[in-house]
Amino acid sequence: MVISLIYGSVALALIAAAIYASKVRAVAIEGDNKAQVDKFNEISGAIAEGAMAFLSREYKYVASFVALFAVLIFLLLDNKETPINEGLFTALAFLFGAIVSSVSAFLGMKIATLGNVRTTIRARKGLSEAFQVAFQSGSVMGFGLVGLAVFGLITISLAFMGLVESPEVAMEMVAGFGLGGSSVALFGRVGGGIYTKAADVGADLVGKVEQGIPEDDPRNPAVIADNVGDNVGDIAGMGADLFGSCAEATCAALVIGATSAAVVAQPSALYFPILISAVGIPVCLVTSWFAKLKSDAKSAEPVLKTQLVLSTVLMTIAMIFVTKGAMVESFEVNGQVVTANGVLISLLTGLWAGLLIGYVTEYYTSHAYTPVREVADASKSGPATNIIYGLALGYKSSVIPVIAIAVTIFVSWTIAGMYGIAIAALGMISTIATGLTIDAYGPVSDNAGGIAEMSELGPEIRKRTDLLDAAGNTTAAIGKGFAIGSAVLTALALFSAFLVRSQIHTLNILSPLVFSGLLVGGVLPFLFTAQTMKGVGIAAYAMIEEVRRQFREKPGILTGKDRPDYKTCVEISTSAAIKQMIAPGVLVLATPLVVGFLFGIEALAGVIAGSLVSGLVLALSASNSGGGWDNAKKYIETGVHGGKGSETHKAAVVGDTVGDPFKDTSGPSINILMKLMAILSLVFSPFFVAHGGILMKFLKLAP
């Protein structure tokens, strides 16, 4: 029964995605004349071409990495003493996860580049019509990705359960699926983030500050690269990130649950972690029916925020009944008795903590509230005070989300043990279809505004797209906070599964090895952030020099006589992103393998724990500082403090360019660092148990 329900939800998600895609495609590209239609096609085609070219080129490198890493998994986990080749099947699961994650990214990118121009066209009719197209475009990403994730998880779980007698071994091999998805997400998040911010910084500093031309002005050579970047960073990158969270949190819960005989004996309980995401699909679909914007609306933000609240309420009601029907009354995990009510409370704690984090993020990043307005006010005395206030905003904004996550961890761990942590993580991302829909809506609306500007449709149309984009900026910040919170819980769930698999019942933080690991793990997010921010800086420098060169050598660009060379700017962002994502990728992938092999499981556990603590705070503060700087600039652009072109505005633009890599590259990418290190440790735990700590043994510091 539970298997049929899960596959039914998968079918529902994919059908919904197909219907929404057909509705977007059905919008005809039409204009006042043929020249205008040609302009629409030219601009949207350039954005689509640039986005797909980047993904295709990036994924060639990703494919090579995936193939080599699959071989490494096979070699290190190939245990000749077991009746089944665990290394082979874990490697196959890894490949499957990587493929499904890549397909999801391409799906989202494709529909986003189809939906942007159609949103612009519908904006000519009204705000409500434009909102509908943008929201439907986001829905394709939301439902398509979740449907594929759930399909992959249930299919590979059933396949492996049929192959081996031990449920624990089967679910450990399934964890390879989450590792594959997260590995793709690493390059999607880091590469996409570097791409988009290199283009954005180049376009803003040279175009806005030096030349004084508006945002998305077709005279700016970096404008197409900037619009491409919105897609590769916030759609492909965010999609792969949340795909990884869904797969990894589910894998962690499956691994922990499989250690209980009572859970294994009842299929609905064993597959309960997958069922959570499956139930979220119809809940989010019902929620999407209420995404209607009135023709006289002043903003789309209330509608999008209602989606978050409504999906959370409906999911709460649904899971009360589902948990009662699916879970066993009580079972034992790692020596602790867990009840069905404890599982439900853990799930709901994670679910509502996610909503709270979203609203706190909104308070600190929306210019409707005091913190961002203080940053804007500070801009009157120059860029320095703008940056100081922005940094303070980010640090302060991390307090309540950290407390919310701490309470979630305490409650879920107390009443449901390590299994409760994994279920809380799944609860936080159970409405992922709605979250992804709203997140993908943002770049579509942003691109629509750019196309309207480049097509010279006039201030009225641009005003409508700006209203859509403003809502997207706020919800994007909410989405980043939500993604960071879910990443920490997911990583902690994986960490718990790693401890269970490695048979570590207690971890002594006063042990020299563990404490040293904590310190090393604590500094890793900072080194990772330094690498990604420097990567943006290097790429942005090349972009700035190219844009300046074009303005210098072709002065007719500013008068409209000469045409900018958009392709060169796209190529600069593409090449720089691919080159600069290598070092952060190696850091994340190599650290668990090196530490586990040389120093052993306890040292690795310390490293993971340390990276979670510092990574959470750094990711939250970086993302919210960046969001605060961005919206302080947008607040000034509404006309306050002198409006566009004023010295205050120029100071805010500088702050925004500093914040760009904070909120769209480094901050969100820390999610991947936390999750990927944890799931790598889980997948390779059999190898570490058998062969780890070789240096410590050589030095005779360990048995």
Side-chain angles (χ1 to χ4, degrees), residues 12-27 44 107-147 230-231 234-235 238-239 242 280-312 314 358 431-452 461 464-479 482:
L12 184 64
L14 297 180
I15 290 170
I19 291 173
Y20 282 125
S22 66
K23 287 184 177 181
V24 173
R25 287 177 176 273
V27 177
S44 62
L107 171 71
M109 186 75 81
K110 185 69 176 177
I111 194 63
T113 53
L114 287 173
N116 53 16
V117 66
R118 288 164 172 81
T119 301
T120 306
I121 290 165
R122 282 298 172 91
R124 300 170 73 222
K125 294 184 177 181
L127 183 66
S128 176
E129 290 85 348
F131 171 82
Q132 207 62 37
V133 176
F135 189 85
Q136 288 169 350
S137 300
S139 297
V140 177
M141 177 70 167
F143 288 101
L145 184 143
V146 177
D230 293 332
N231 294 289
D234 288 337
I235 291 186
M238 173 66 90
L242 290 180
I281 291 170
V283 164
C284 292
L285 187 58
V286 170
T287 302
S288 68
W289 296 344
F290 295 90
K292 308 292 183 184
L293 189 67
K294 295 180 180 179
S295 56
D296 59 346
K298 301 299 182 183
S299 172
E301 190 173 316
V303 176
L304 296 176
K305 287 164 64 176
T306 299
Q307 289 285 297
L308 296 172
V309 176
L310 183 58
S311 63
T312 302
L314 293 179
T431 56
I432 186 176
T434 294
L436 272 171
T437 295
I438 294 173
D439 196 77
Y441 155 93
V444 172
S445 300
D446 193 359
N447 273 195
I451 293 170
I461 307 303
R464 290 171 184 166
T465 59
D466 281 350
L467 286 174
L468 297 179
D469 185 30
N473 281 330
T474 300
T475 54
I478 293 174
F482 167 83

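Computed from a predicted model, the values in this text were never measured in an experiment.
- In this structure, the ring of F135 has its center no less than 6.0 angstrom from the ring center of Y20.
- L14 has its side chain out of reach of F143: every pair of non-hydrogen atoms, C-beta onward, lies at least 4.5 Å apart.
- The two residues A13 and G147 make their nearest non-hydrogen contact at CB-CA, 3.7 Å.
- For the atom pair K294 NZ and L127 CG, the distance stands at 13.5 Å (nearest 0.5 Å).
- A donor-acceptor contact shorter than 3.5 Å is absent between the side chain of R122 and the backbone of E129.
- Separating the CD atom in E301 from the OG1 atom in T306 is a distance of 10.5 Å, to the nearest 0.5 Å.
- The two residues A440 and G138 have their closest heavy-atom pair at CB-CA, 3.7 Å.
- Contact between R118 and R25 at its shortest, heavy atoms only, is NE-O, 3.8 Å.
- Of all the heavy atoms in V303 and F290, the pair that sits closest is CG1-O, 4.5 Å.
- For K23, the NZ atom is loosely surrounded, since the number of other residues' heavy atoms within 6.0 Å does not exceed 12.
- L310 contributes atom CG, which lies 4.5 Å from atom OG1 of T287 (distance to the nearest 0.5 angstrom).
- A distance of 14.5 Å separates CZ in R464 from OG in S445, rounded to the nearest 0.5 Å.
- With rounding to the nearest 0.5 angstrom, the OG atom of S311 is 12.5 Å from the CG atom of L285.
- You'll find the side chain of L107 stays beyond 4.5 Å of the side chain of M141, heavy atoms only.
- Counting only distance, with no hydrogens or angles, the side chain of S128 and the backbone of L293 share a donor-acceptor pair below 3.5 Å.
- Side-chain atoms of Q307 and I438, non-hydrogen and from C-beta on, do get closer than 4.5 Å to each other.
- Taking every heavy atom of both residues into account, F131 and A291 meet most closely at CE2-O, 3.6 Å.
- A side chain to side chain contact (heavy atoms under 4.5 Å, CB included) with S137 is found for exactly one of N447, L114, T113, V444, namely V444.
- A 4.5 Å side-chain heavy-atom check between N116 and S44 finds at least one atom pair inside the cut-off.
- Residues I461 and A123 come closest through the heavy atom pair CD1-O, 3.6 Å.
- Taking CG of L308 as the reference point, atom OG1 of T431 lies at 7.0 Å (rounded to 0.5 Å).
- T119 is listed as a side-chain neighbour of L468, based on a closest heavy-atom distance under 4.5 Å.
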